[in-house]
Amino acid sequence: MSTMTEARSNPLATIDWDYIEFYVGNAKQAAHYYMSAFGFDRVAYAGPETGVKDRVSYVLVQNKLRFVLTASLLPDDAIAQHVATHGDGVKDIAIAVEDVRAAWEMAVRGGAVSLLEPTVVEDEHGRLIKATIATYGDTVHTFVQRDGYRGIFAPGFVEDRRSIAGSHKPGLQFIDHCVGNVGWGEMDRWGDFYAAVFGFSQLVSFDDGDISTEYTALKSKVMTDPRHRVKFPINEPARGKKKSQIEEYLDFYRGSGVQHIAIRTDDIAATIDALAYNGMEFLDTPDSYYDMLEERVGTIEEAVDTLRKRRILVDRDDLGYMLQIFTKPLQDRPTVFFEIIQRKGSLSFGKGNFKALFVSIEKEQEKRGTL
Ligand code: FE2
């Protein structure tokens, strides 16, 4: 290996989120939901009108967040099959890199399955380079290199700006982390995958002693890039008295996939108020949680009543504290949901809240008769 190659030994050292693509049954209606409930603006579109014959895609943005919603126009292509198997869900966690070829070569050398070799796509706005590898389940990662591209999103898309005037803006900023649920005993394998393929290191891990209630349990391990921009917690189910919420996800999703996307805000109370105004529903938390809150996490800037009223959760580590809340599932199957998170110094993922969260999720599971 040459010195030059060694100097660039981790081409994934400076990655960031690029977009998250959902495969859905009806992209037009899903786009309206994410715009009206979550305050996204539509900026681009691809479909038959733009020369794409087999699918439609809407690109939605808010601050640094970018989501793509794609639906098939065919009865039996890969998109339609994905939706038939998994329901609406996350297909692609795309990440921005400085050099797609170097990133893809490192990934394949690390054992990743390549689904698309580095490919240049062009239009009058310039050149965009991409490559795709497989990860857990039917989920993929596309590497995107945008330094030669000045268009709104990508070749094949046209600028198409819409927003919903009556939707309150929740001030969602960027992705904090994106969690995968994998099958029994597969957590270590996928943690090793992100170490070998992305050069990620393990930030933290929890076992079922940390994350369990009387009935349900899980194991979790968080993999991160060196700058802590892109963080992938990986969950697997663990044995409890009854079915783990991770197992419920695997049953409904028909395999491994993205469980939740955590989105950062600078003011969680204002964000929750805007989302609630827009009709978004959140998981409830037992009232007793707030009676014991200051005892558990110490002094915080927010009034406990402000948090109690909105069911916001709090956790602390040695660096500070964080506030978080979870939405109900975003589609018919109880699979993908969002977390809204505000960090005040802490790097925590809410370990101290798992128990409180689990009690709350189990109440929802009980209603569905799957506990
Ligand atoms: Fe999370």
Side-chain angles (χ1 to χ4, degrees), residues 17 20 38 65 67 89-90 93 135-136 139 170 172-182 187 190-191 194 200 202-208 210-213 216-225 228-238 244-246 248-250 253 256-266 268 271-272 275 280 282-285 289 297 307 310-317 319-330 334-362 364:
W17 308 98
I20 292 198
F38 291 99
L65 292 164
F67 288 167
V90 172
I93 306 160
T135 180
Y136 47 77
T139 317
L172 303 176
Q173 298 296 327
F174 56 91
I175 296 171
D176 184 275
H177 58 276
C178 182
V179 182
N181 280 346
V182 300
M187 177 188 73
W190 289 107
Y194 283 106
F200 279 15
Q202 188 176 327
L203 190 60
V204 68
S205 77
F206 315 103
D207 62 24
D208 39 338
D210 296 318
I211 312 174
S212 64
T213 65
T216 185
L218 68 82
K219 291 163 90 173
S220 188
K221 171 180 273 194
V222 181
M223 303 304 292
T224 182
D225 70 304
H228 293 187
R229 296 273 177 93
V230 174
K231 286 160 285 185
F232 292 137
I234 310 287
N235 296 334
E236 71 173 39
S244 166
Q245 58 149 306
I246 308 305
E248 187 202 34
Y249 173 100
L250 298 170
Y253 198 74
S256 304
V258 169
Q259 179 210 36
H260 75 264
I261 300 164
I263 302 173
R264 282 276 275 277
T265 172
D266 299 326
I268 195 166
T271 296
I272 300 314
L275 294 174
M280 196 59 222
F282 298 92
L283 292 189
D284 202 3
T285 299
Y289 175 92
V297 300
L307 307 178
R310 298 170 179 84
R311 291 339 213 193
I312 295 166
L313 305 167
V314 189
D315 198 22
R316 183 183 281 284
D317 61 16
L319 298 170
Y321 67 96
M322 57 88 101
L323 306 130
Q324 64 181 170
I325 192 167
F326 299 88
T327 71
K328 291 194 174 177
L330 302 169
T335 53
V336 189
F337 57 89
F338 287 157
E339 171 185 348
I340 309 298
I341 179 169
Q342 181 178 5
R343 292 191 183 277
K344 295 202 163 177
S346 169
L347 282 175
S348 164
F349 291 81
K351 175 177 140 180
N353 283 322
F354 276 115
K355 215 154 194 161
L357 167 66
F358 265 44
V359 169
S360 170
I361 286 181
E362 282 166 14
E364 301 291 316

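Here, residue 1 is the first one in the sequence, and each next residue gets the next number. When a ligand or atom number is given, it counts from 1 through the structure's own listing order.
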Problem - Closest contact, heavy atoms only, I325 versus I312 - result: CD1-N, 4.3 Å

Exercise for the section: Please list, chain by chain and in numerical order, all residues satisfying ring pair (Phe, Tyr, Trp, His ring centres under 6.0 Å) with Y321, sequence neighbours excluded. Expected result: none

Exercise for the section: Assert yes or no for the condition that the ring centre distance of F67 to W17 is strictly below 6.0 Å. Expected result: no

Handout entry: the Fe ion (ligand 1) - number of protein N/O/S atoms closer than 2.8 Å
Key = 3

Exercise for the section: Would you verify whether the NZ or CZ of R343 falls within 45 degrees of the ring axis of F349 while also being under 6.0 Å from that six-membered ring's centre? Expected result: yes

Fill in the blank from the handout: Residue set satisfying salt bridge (Lys or Arg N to Asp or Glu O under 4.0 Å) with R264, at least two apart, ordered chain then number -> D176

Completion exercise
By salt bridge (Lys or Arg N to Asp or Glu O under 4.0 Å), D315 pairs with (sequence neighbours left out) R296

